[in-house]
Amino acid sequence: MVYTILLIIHIVGGSLALLSAAGAVSTKIFDISHTWHVRSGRLFFIGMTMVFLTTLPMTLIRPNLFLFLIGIFSFYLAWTGWRRAKNRSGIPGKQDVAAVIIMGATGLVMLGWGGWLIYSGDGNGITLMVFGGIGGLLSFREFRQFRKGPVKGKARIRAHLVSMMAATIAAVTAFLVVNVETDPVWVAWLLPTVIITPIIFWMSRKMLPGLE
């Protein structure tokens, strides 16, 4: 009964994240009101938070380390994107440092376990290796930036864009994996990353010209 309730909330959160992500991206591509972009982004973060807060107990009730790690990775992306939007000073707080440390440790676990799964012949190991590498790299870049100083202006906006779009990839991936079966299994897990990543670079260049 508890698991079923959590699952319903999880699905509602995922649906909210997908719909609001589409809204937030559309407002920027078609240059619609900034207010609607902010509202859509807020709903997206709420949806991703609902997904994360239900993933943790669900993967404990029915033990699933793979989804537990993916849940941390996905929420880290949404968290950093939201913090870049809210924290205009660019000065990291204790919560930001904690998030980087948690993601860095999670990335190492994902890489290590992913390597073991590949060695064991499990295709999910490829997914863990890719996402663990991405998460580890992003957390390292965040930590290095913390040491350099505040992130402001276009650099802050780009960091927000990249993290939120990466979190969108996570939401789309979850939807695809649940509804589409692929062989090998890692195709569904990695296809959204392959397709949407170039779009992130295009949006970054289009909206923030001159930023290297």
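Remark: Leu6 pairs with Val2, Thr54, Pro57, Met58, Ile61 by the side-chain contact (heavy atoms from CB on, under 4.5 Å) rule, at least two apart or across chains. For Val109, the side-chain contact (heavy atoms from CB on, under 4.5 Å) test picks out Leu69, with sequence neighbours left out. Scanning for side-chain contact (heavy atoms from CB on, under 4.5 Å) contacts around Ser26 gives Phe30, with sequence neighbours left out. Residues satisfying the salt bridge (charged side-chain N to carboxylate O under 4.0 Å, His left out) test with Arg83, not counting sequence neighbours, are Asp96. Under the rule for a side-chain contact (heavy atoms from CB on, under 4.5 Å), the partners of Ser15 that lie at least two apart in sequence or sit in another chain are Ile11. The salt bridge (charged side-chain N to carboxylate O under 4.0 Å, His left out) search around Asp122 returns none, not counting sequence neighbours.
Note that the CZ atom of Arg62 and the CG atom of Leu67 stand 12.0 Å from one another [nearest 0.5 Å]. Atom CG of Leu18 sits about 9.0 Å away from atom CE of Met48, to the nearest 0.5 Å. Put simply, CD1 on Ile9 and CG on Leu16 are 13.0 Å apart, with the number rounded to the nearest 0.5 Å. Atom CD1 in Ile72 sits 6.5 Å away from atom CG in Leu56 (nearest 0.5 Å). Ile134 CD1 to Met129 CE: the interatomic distance, rounded to the nearest 0.5 Å, is 12.0 Å. Rounding to the nearest 0.5 angstrom, the gap separating the CE atom in Met110 from the CG atom in Leu65 is 9.5 Å.
A salt bridge links Glu142 with Arg84; the closest basic N to acidic carboxylate O contact falls under 4.0 Å.
Both Ile196 and Trp202 belong to a single network of hydrophobic side chains, linked directly or stepwise wherever heavy atoms of I, L, V, M, F, W or Y lie under 4.5 Å apart. Residues Leu53 and Val12 are members of separate hydrophobic clusters, defined by side-chain heavy-atom contacts under 4.5 angstrom among Ile, Leu, Val, Met, Phe, Trp and Tyr. Both Phe75 and Val130 belong to a common hydrophobic cluster when Ile, Leu, Val, Met, Phe, Trp and Tyr are linked at side-chain heavy-atom distances under 4.5 angstrom. Ile46 and Val25 fall into different hydrophobic clusters, where Ile, Leu, Val, Met, Phe, Trp and Tyr residues are linked whenever their side-chain heavy atoms come under 4.5 Å apart, directly or through other members. Note on Ile102 and Leu111: same hydrophobic cluster, where clusters join Ile, Leu, Val, Met, Phe, Trp and Tyr whose side-chain heavy atoms are under 4.5 Å apart, directly or indirectly.
When hydrophobic residues (I, L, V, M, F, W, Y) are linked wherever their side-chain heavy atoms come within less than 4.5 Å, Val38 remains an isolated member. Clustering of Ile, Leu, Val, Met, Phe, Trp and Tyr side chains at separations under 4.5 Å leaves Val178 isolated, with no partner residue.
Using modelled atom types, no side-chain atom of Ser40 and backbone atom of His37 make a donor-acceptor pair closer than 3.5 Å. The closest donor-acceptor contact from the side chain of Ser20 to the backbone of Ala17 lies under 3.5 Å. Looking only at distances, a side-chain donor or acceptor of Asn87 sits under 3.5 Å from a matching main-chain atom of Ile91.
Screening residues 76-128 for ring-ring contact (aromatic ring centres under 6.0 Å, His included), with sequence neighbours left out, gives Phe45-Trp82, Trp79-Trp82, Trp116-Tyr119. Applying the ring-ring contact (aromatic ring centres under 6.0 Å, His included) test to every pair with at least one member in residues 129-176, sequence neighbours left out, gives these pairs: Phe73-Phe131.
For the pair Leu77 and Leu138, the minimum side-chain heavy-atom distance is below 4.5 Å. Within the 4.5 Å cutoff, side-chain heavy atoms of Phe66 are placed close to those of Thr127. In this structure, Leu128 and Asn124 have side chains that are not in contact, with every pair of non-hydrogen atoms separated by 4.5 Å or more.
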Can you list, pair by pair, the side-chain donor-acceptor contacts under 3.5 Å of residues 163-173, counting residues two or more places apart and other chains?
unit_1, atom_1, unit_2, atom_2, d
Ser163, OG, Thr80, OG1, 3.1
Ser163, OG, Ala159, O, 3.2
Thr168, OG1, Met164, O, 2.9
Thr173, OG1, Ile169, O, 2.7

Tabulate below the donor-acceptor pairs under 3.5 Å that side-chain atoms of residues 184-193 make, not counting sequence neighbours, or state none.
none

*Please lay out, stage by stage, how Arg141 and Leu137 fare under the test side chain to side chain contact (heavy atoms under 4.5 Å, CB included).*
CA-CA 6 Å; Arg141 291 184 63 181; Leu137 177 61; 4.3 Å; yes
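For the pair Pro150 and Ser89, the tightest heavy-atom approach, listed with the atom from each and the gap, is CB-O, 3.4 Å.
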